[in-house]
Amino acid sequence: MPAVSKGDGMRGLAVFISDIRNCKSKEAEIKRINKELANIRSKFKGDKALDGYSKKKYVCKLLFIFLLGHDIDFGHMEAVNLLSSNKYTEKQIGYLFISVLVNSNSDLIRLINNAIKNDLASRNPTFMNLALHCIANVGSREMAEAFAADVPRILVAGDTMDSVKQSAALCLLRLNRTSPDLVPMGEWTARVVHLLNDQHLGVVTAATSLITTLAQKNPDDFKTSVSLAVARLSRIVTSASTDLQDYTYYFVAAPWLSVKLLRLLQCYPPPEDAAIRGRLTECLETILNKAQEPPKSKKVQHSNAKNAVLFEAISLIIHHDSEPTLLVRACNQLGQFLQHRETNLRYLALESMCTLASSEFSHEAVKTHIETVINALKTERDVSVRQRAVDLLYAMCDRSNAKQIVAEMLSYLETADYSIREEIVLKVAILAEKYAVDYTWYVDTILNLIRIAGDYVSEEVWYRVIQIVINRDDVQGYAAKTVFEALQAPACHENLVKVGGYILGEFGNLIAGDPRSSPLVQFNLLHSKFHLCSVPTRALLLSAYIKFINLFPEVKGTIQEVLRSDSQLRNADVELQQRAVEYLRLSCVASTDILATVLEEMPPFPERESSILAKLKRKKGPGTVPDIEENRKERNANVNGGPNHTSATSNAKASPPSFVGDLLAPAPPPTNRPRPVSSASFLQNPLTPLPPQAYAIPLAASAGTFYQVAAPAAASSTDLLGLGSSTSLNSTPPAAAPPTAASLLVDVFSENSPPVSAPAHIAVPATAAPAADDNFSSITTKSFHVAESILADVQEPTDKFVCKNNGVLYENQLLQIGLKSEYRQNLGRMYVFFGNKTSTQFLNFASNVVCQDTLASQLNVHLKPVDPTVDGGAQLQQIINIECVSDFVEAPVLNIQFRYGGTLQNIAVKLPITLNKFFQPTEMMSQDFFQRWKQLSAPQQEVQKIFKAKHSMDTEVTKAKIIGFGVALLDGVDPNPSNFVGAGVIHTKTTQVGCLLRLEPNMQAQMYRLTLRTSRDTVSQRLCDLLSDQF
Amino acid sequence: MIGGLFIYNHKGEVLISRVYRDDIGRNAVDAFRVNVIHARQQVRSPVTNIARTSFFHVKRANIWLAAVTKQNVNAAMVFEFLYKMCDVMTAYFGKISEENIKNNFVLIYELLDEILDFGYPQNSETGALKTFITQQGIKGQHQTKEEQSQITSQVTGQIGWRREGIKYRRNELFLDVLESVNLLMSPQGQVLSAHVSGRVVMKSYLSGMPECKFGMNDKIVIDKQGKGGTTDEAGKSELGGSSGKQSIAIDDCTFHQCVRLSKFDSERSISFIPPDGEYELMRYRTTKDIILPFRVIPLVREVGRTKLEVKVVIKSNFKPSLLAQKIEVRIPTPLNTSGVQVICMKGKAKYKASENAIVWKIKRMAGMKESQISAEIELLPTNDKKKWARPPISMNFEVPFAPSGLKVRYLKVFESKLNYSDHDVIKWVRYIGRSGIYETRC
């Protein structure tokens, strides 16, 4: 505050501040401040009016105290009074206080606005500046409302001083940022553009900032600014640095303005007018030329300013991406920076080069710097720069240099920082796959990768190796050999063991001819690693062993011995135990033919987008990888030879979802096996011999889900349900299944699913991909999958919701629908959660509820509208309000429509709204119960059903189900304690229906008798149907 | 155990730093400064855990004492030690201030070497320490070998707090009962909480190795004696109640290490061999039947938004023959006070802007008297809608009796070897009651 310190320097303030600074402790400071505050209060309260000077002094003190962190709750009025003073210093302090202290909802705002208006209207430029600064500093909506019209007027008025214009432009920029809706676009917009021609460079600089912001929002309105900006830029660039007087910074002409103009130009495509275009090219060339000139000063500011302009020019060149010569020159310039002493410059150069590498014109030019970049990777001290170098290597990689780059990255990986290792691993894996001509090289690379950085190799990477090895006959033998050799290392990573187990289990026979890798040697090698591995890996190894039994009958005895050992058969882990038991029996019981069929080699995987790439994208966030992705598509044709998966990538992307769910989406560990319900009973006493039929069920099932790297979700489920969406799948013909296994298999599922087309099941391991798990389990719990792109038949409302209110209603690879519902009397509210399982947005998302026929009059269902887009990975909540008018049987259908990746998806699900939801439990005594029971004795009021138990007859479970059904469970009513008795009232809008029920289990016969008496026959029938399905 | 001990001034500069264990690094010093002394929010908790290191601190004036440890130590022990450390320093060089600490830093390091060993507290008895850590370094050379060995045997012996062969021409002892009374009272005069924390401080100048026995009107002891050793339940307990006026119920107490705790546990008698010089014999706390020396009656009236009228009456509530001293009543004023007029009949009253309070001081006041003050407070209207929270009126005073009602019944001295008896010892007893936090809501 130069104006304050001299002339009328406020002594009192200076003394006060020095007092505060001399305070020994916090307490002393607070005491001093309290004293000062009391003094100021008494001064403000005093009867005689204060002169401007003292007011200014006290307001200043208050401001100082506030800035020290104390609350100030008075003095605002005095500050506002200062605004109307004619002295600059007083006005300044007043504005300072207000911009710091006054919040927008203060009742003083009207007075303040008035004072500001007066100052804006005054002819005094300093006052106008103060007022504009205050508006910009506060920047509240109220300010914007009051002055959004005035500020542009001042900005474009002909007679405004330059300094005021400058402030006005920045003030408008601020208002535009805080409340864009309030700043009207008017005729002033056209005139703002002409400020670029202003004589005063300060005005131009301020205006450029404003125009850039505005142009980003409405590019069309400001198109004319391009030619003006180019003209201005060329004048600056070509001018000798002396003619700009104040705006030359360390021999660089107006660097800030240049940078801003270049930014502004980046809002637009290259100018179409040839003359302008030529002039711009000339400018950019000049800037590039200047970079070559020897520096005019040794000062760091000089080079910083120069480089700032240069880098902005390069980003403009990259943005335009149209002038090959410029791009190449830019690339060469950046190449020089790669070896510069300044770390920041090296970083920026690498970063810019990454974007340059994606341009078709400069890709080759970037490639020439490969040695330097590799060198940077090795010698650079700063980890962030190394990271950029890795990015650049990844970006510049193509078929010609892939081997070199991958090798360099691998060697760097050994010493790389832990923070970036996983990313490098993914990049190496992608590059190796993408540019592999020779798949032996690919296998070597990935095995090396696992050896060097096993901990950082994610599941997806090794899934991918296996997919590729299985899909390509020519490398299988080589892969088996290499894996076998790699496994001989005394300490190898668990991921290697997994790959080894899988590959040897599949293709061990290809190397069995060599006595050094005879079947027994292979088995012993694998088994030597067994005890060092985690449970999922062990499970995988057990599967490999059973595969061995098929491949090499000669080691059958050894393997059976291993399976039979206590550490397997009685393993604490239920998964391992089950596998051991089942595989042992399988190897004993099944004939070699069956064994060969069940344990056949894995069929090729369907082609799909590389899951690793998706993972890298997720890791880096959007925007960093896509350019490479684009490249890849472009170069697809020439880069990859032969029938390969890259081409499939685009297919998979274009034809949506049935397959893309892939490895990534649900991604449970591959060894996690779906466990059919029926095998549970089998497990309970694994050592007692069972009749063969009983055996066959779990066996077939387990054989079916063999490796669990199995079955894309939709594919298997659609097959199983026989819904006939065969359009998308079965690229592989299902293996011919032995009839026995198949029919048994149907048994496993027939319990709750509609008839299944028999041959389907063995196709499940055949289509082998991980993640069948949730799929299977959901089938067994009777939730049904509906394949996308087909408006599937509406499924029965899942009866699992009869006795509970929350759960997953529906799930496929794209969408998961969860439910949460609550009911009171005849009203209900249901929260439906739509979870987007993909990483892509769902567009045009809409849902509605259809009540068919009579249901519409029986049930009022009202949906709250929801947002039409669901972001990737996000969850959308929709509320459904339900009112029950009278009793009903049908369930309303929820129709969902959305667009995913260009395809319209339709899904229809029945909402689990059942009559029993409107139950209110009623507690009653024994006599009451029997009295009512007798009252409801009319024949049509009673419904009785005798049925066989579907689940085990556990008393506690039954109790829970009855309570979940909605009635009160009455103890001590029925003379037989094993019977269950319940009572409740169903509330509908029109009537209330009392309901009594009795459930008599018969343990010996595994039967139930259910009796229901209600005052309405339809209700009795419906409730009986609902409840009897639960036991 | 304590890993290190640091002393800081108010700015957070380290004055003393003594590290006892290797697990405490240099950065611990800075961690405490940054996270506690210079913390953005004031740190209220005396224990702070920073990066698995615990800091226990106490503050004396502007000085911070911090004990540091990485282990799970007994926090009460650490604080007891820190308090002891303060006592020792006070005994050596008076007030604990930055200046004093800077002037005595050699002495402090010497003390720290002696009272903590590898982080375990050792002898912290000032009397004993003074025999071998002296402020005049030269004096040590005059100590004979015999004397030195005597010190060793005393410090390492069973009675570490007293050396043998002390002789006084006049056997004398002083007993001070110091109490501080804490009160929170509602505006209507209802006691919301009240307790007395007291200390018995003794200064003894006795020859030889005297055995002392201290008796006071502890309810349990009195009841026991009232029953005369026989167990005559119901009627007697009624009798005990009648003697309640003379006896007091002590809620809890702690003793100096010289007191034989086993004897206290079994017979509830306090017997000990006293250290030489001044020490604190016991500390105690009572919550029942407290004599409140003063009653404060506040009257606050708000006249409009800009004026406040306050009238406060204080009544002394003890024997008219006694005189209370150093009476100070502190009446908080609102934060937007712009002017105060005070009228009081007795003493002096002043508005202290720096403390946002009216302070009324009376030098002396006899029992069963009353006095009053009235003040008019002018307020400045603010745009802050918050209502004034009306903090309580607090009071300070000193009275010559024990508000808990504690009485010293006897202090007997037995010295079998030397030829002086209990009657020859000159004994002085003094009671001082001070205000702790003595507040009345208004």
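To find a chain, count down the sequence lines: A is the first, B the second, and so on, and within it residues start at 1. Keep in mind it's a predicted model, so treat the numbers as computed, not measured.
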Self-check item: Over 12 foreign heavy atoms within 6.0 Å of CZ, Phe105(B)
Solution: no

Quiz item: Take atom CD1 in Ile437(B); do more than 12 heavy atoms of anything else shown fall under 6.0 Å from it?
Solution: no

Quiz item: Near Arg32(A) CZ, under 6.0 Å, is it more than 12 heavy atoms from other residues, nucleotides or ligands?
Solution: yes

Quiz item: Minimum heavy-atom separation for Leu380(B) to Phe74(A), with atom names?
Solution: CD2-CD1, 3.5 Å

Practice problem: Check each atom of Glu378(B) against the heavy atoms of chain A and say whether the ones under 4.5 Å are side chain, backbone, both or neither. | Solution: side chain

Practice problem: With rounding to the nearest 0.5 Å, note down the distance linking CG in Asp73(A) to CG in Leu335(B). | Solution: 7.5 Å

Quiz item: Can you name the closest pair of heavy atoms from Ser338(B) and Ser42(A) and give their distance?
Solution: O-CB, 3.0 Å

Self-check item: Rounded distance (nearest 0.5 Å) linking atom OG1 of Thr306(B) with atom NZ of Lys45(A)
Solution: 4.5 Å

Exercise. Starting at OG1 of Thr337(B), measure out to CG of Leu37(A) and round the result to the nearest 0.5 Å.
Key: 11.0 Å

Self-check item: Rounded distance (nearest 0.5 Å) linking atom CD of Glu355(B) with atom NZ of Lys35(A)
Solution: 11.0 Å

Quiz prompt | Part of Lys24(A) within contact of chain B (heavy atom distance under 4.5 Å) | solution = both

Exercise. Look at atom NZ of Lys59(B) and say whether more than 12 heavy atoms of other residues, nucleotides or ligands are closer to it than 6.0 Å.
Key: yes

Quiz item: Using non-hydrogen atoms only, which part of Asn336(B) is less than 4.5 Å away from chain A: side chain, backbone, both, or neither?
Solution: both

Quiz item: Do other residues, nucleotides or ligands put more than 12 heavy atoms under 6.0 Å from Lys346(B) NZ?
Solution: yes

